[in-house]
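In this chain, numbering begins with 1 at the start of the sequence shown. On a predicted model such as this, the values are computed, not experimentally measured, just so you know.
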Amino acid sequence: MMDNYQFLARYNRWFNQRLYACCSGLDDATRKQNSGAFFGSIHRTLNHVLVGDQVWLQRFVQCGADHASAWPALSGAIHLPPGYQLNQPLYDDWATLMARREVLDAAIEAWLASAPPDMAGWTMRYSNTLGSQRQHPMWQALTHFFNHQTHHRGQVTTLLSQQGVDVGDTDLISLV
């Protein structure tokens, strides 16, 4: 199973590089323009994905600690302020947002490359953002983690398309 998640981490990085390159061609006002998407703009949607990724990575770190595993690759990659919100833009500056995305994608790949083969079967225990206690196999959370990114990147590709920007082929199979 871990080969699958390592592949999804590579796809995540590949897609993000393409997406951020296309977004870089827009001016800041266009990236931040409220276009009616769930998080409003391209910039806010990409910030949300960054926040969501870090929330899950914190949970994965805790799960690792619960199973006597530590992942140095993630230790310096998670930067969530106290009291963060899922719709809170962490980075107003485009270059900073893009740099944080690159750091996080590299950390995700390094973490999964070093993960033990049985990790996907571990039981995760955590509180969700509403405070509800959750427990399930890690593979379900890993699948959600990557699916969540894909879902919101799809929204961004639609917003880019509305601006006349073609991201090109983004199908997972294109990476093969």
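- Between T129 atom OG1 and Y84 atom OH the span is 6.5 Å, to the nearest 0.5 Å.
- The minimum heavy-atom distance linking M124 with A141 is given by the pair SD-CB, 3.4 Å.
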Tell me, with the steps shown, if K32 and D92 meet side-chain contact (heavy atoms from CB on, under 4.5 Å).
CA-CA 9 Å; K32 292 179 179 177; D92 191 51; 3.0 Å; yes
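- Donor-acceptor pairing under 3.5 Å is lacking for the side chains of H48 and H43.
- Aromatic pair F60/W111: centroids less than 6.0 angstrom apart.
- Taking the centre of each ring, H136 and H144 stay at or above the 6.0 Å mark.
- Residues W122 and P137 form no side-chain contact, since every pair of their non-hydrogen atoms from C-beta on lies 4.5 Å or further apart.
- Counting only distance, with no hydrogens or angles, the side chain of H152 and the backbone of H148 share no donor-acceptor pair below 3.5 Å.
- Aromatic ring centres of Y126 and W56: separated by under 6.0 Å.
- Rounding to the nearest 0.5 Å places CZ of R153 at 9.5 Å from CG of L46.
- Between the side chain of D171 and the backbone N or O of I173 there is no donor-acceptor pair closer than 3.5 Å.
- Side-chain atoms of Q54 come within 3.5 Å of backbone N or O of H79 as a donor-acceptor pair.
- Taken from CZ in R134 to CZ in R59, the straight-line distance is 9.0 Å, to the nearest 0.5 Å.
- The OG1 atom of T96 lies 8.0 Å from the OH atom of Y91; values are rounded to the nearest 0.5 Å.
- Side-chain polar atoms of S127 and Q133 form a donor-acceptor pair below 3.5 angstrom.
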Applying side chain to side chain donor-acceptor pair (under 3.5 Å) to Q149 and D53, what does each step give before you reach the verdict?
CA-CA 8 Å; Q149 296 166 1; D53 284 359; 3.0 Å; yes
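- Minimum heavy-atom separation, A77 to A107: CB-CB, 3.5 Å.
- The shortest heavy-atom contact between L159 and A37 is CD1-CB, 3.8 Å.
- Counting all heavy atoms, side chain and backbone alike, P117 lies closest to M2 at O-CG, 3.6 Å.
- The salt bridge (charged side-chain N to carboxylate O under 4.0 Å, His left out) analysis of residues 102-117, with sequence neighbours excluded, yields the pairs R13-E109, R101-D105.
- Side-chain contact of N147 with T150: a donor-acceptor pair under 3.5 Å is absent, judged by distance alone.
- Here the side chains of V49 and V156 are not in contact, with every heavy-atom distance at 4.5 Å or above.
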C22 vs Y20, test: side-chain contact (heavy atoms from CB on, under 4.5 Å). Steps then yes/no.
CA-CA 5 Å; C22 287; Y20 275 72; over 6 Å; no
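- A single hydrophobic cluster is not seen to contain both V103 and F145; linkage of ILVMFWY side chains at heavy-atom distances under 4.5 Å, directly or through other members, places them apart.
- Looking at R100, its side chain never comes within 3.5 Å of a backbone N or O of L50 through a donor-acceptor pair.
- Considering CG of L8 and CG of N4, their distance stands at 4.5 Å, rounded to 0.5 Å.
- No donor-acceptor pair under 3.5 Å is formed between the side chain of S75 and the backbone N or O of W71.
- One hydrophobic cluster, built from ILVMFWY side chains closer than 4.5 Å, holds both V61 and V55.
- When only modelled atom types and interatomic distance are considered, D169 and S174 share a side-chain donor-acceptor pair under 3.5 Å.
- At least one side-chain heavy atom of M119 sits under 4.5 Å from a side-chain heavy atom of L112.
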Please walk me through it: do Q163 and Q33 pass side-chain contact (heavy atoms from CB on, under 4.5 Å)?
CA-CA 11 Å; Q163 294 295 326; Q33 174 186 331; 4.0 Å; yes
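- Side-chain atoms of T45 come within 3.5 Å of backbone N or O of S41 as a donor-acceptor pair.
- No side-chain heavy atom of F15 sits under 4.5 Å from any side-chain heavy atom of L175.
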Worked verdict on Q88 versus V51 for side-chain contact (heavy atoms from CB on, under 4.5 Å)
CA-CA 8 Å; Q88 172 185 353; V51 171; 5.5 Å; no
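- A distance of 14.0 Å separates CD1 in I108 from OH in Y5, rounded to the nearest 0.5 Å.
- Taking the side chain as every heavy atom from C-beta outward, D166 and S161 never approach each other to under 4.5 Å.
- No single ILVMFWY cluster, assembled from side-chain heavy atoms under 4.5 Å apart, contains both L160 and F38.
- A cation-pi arrangement is not found for R44 relative to F39, the charged atom failing to lie both closer than 6.0 Å to the ring centre and inside a 45° cone about the ring normal.
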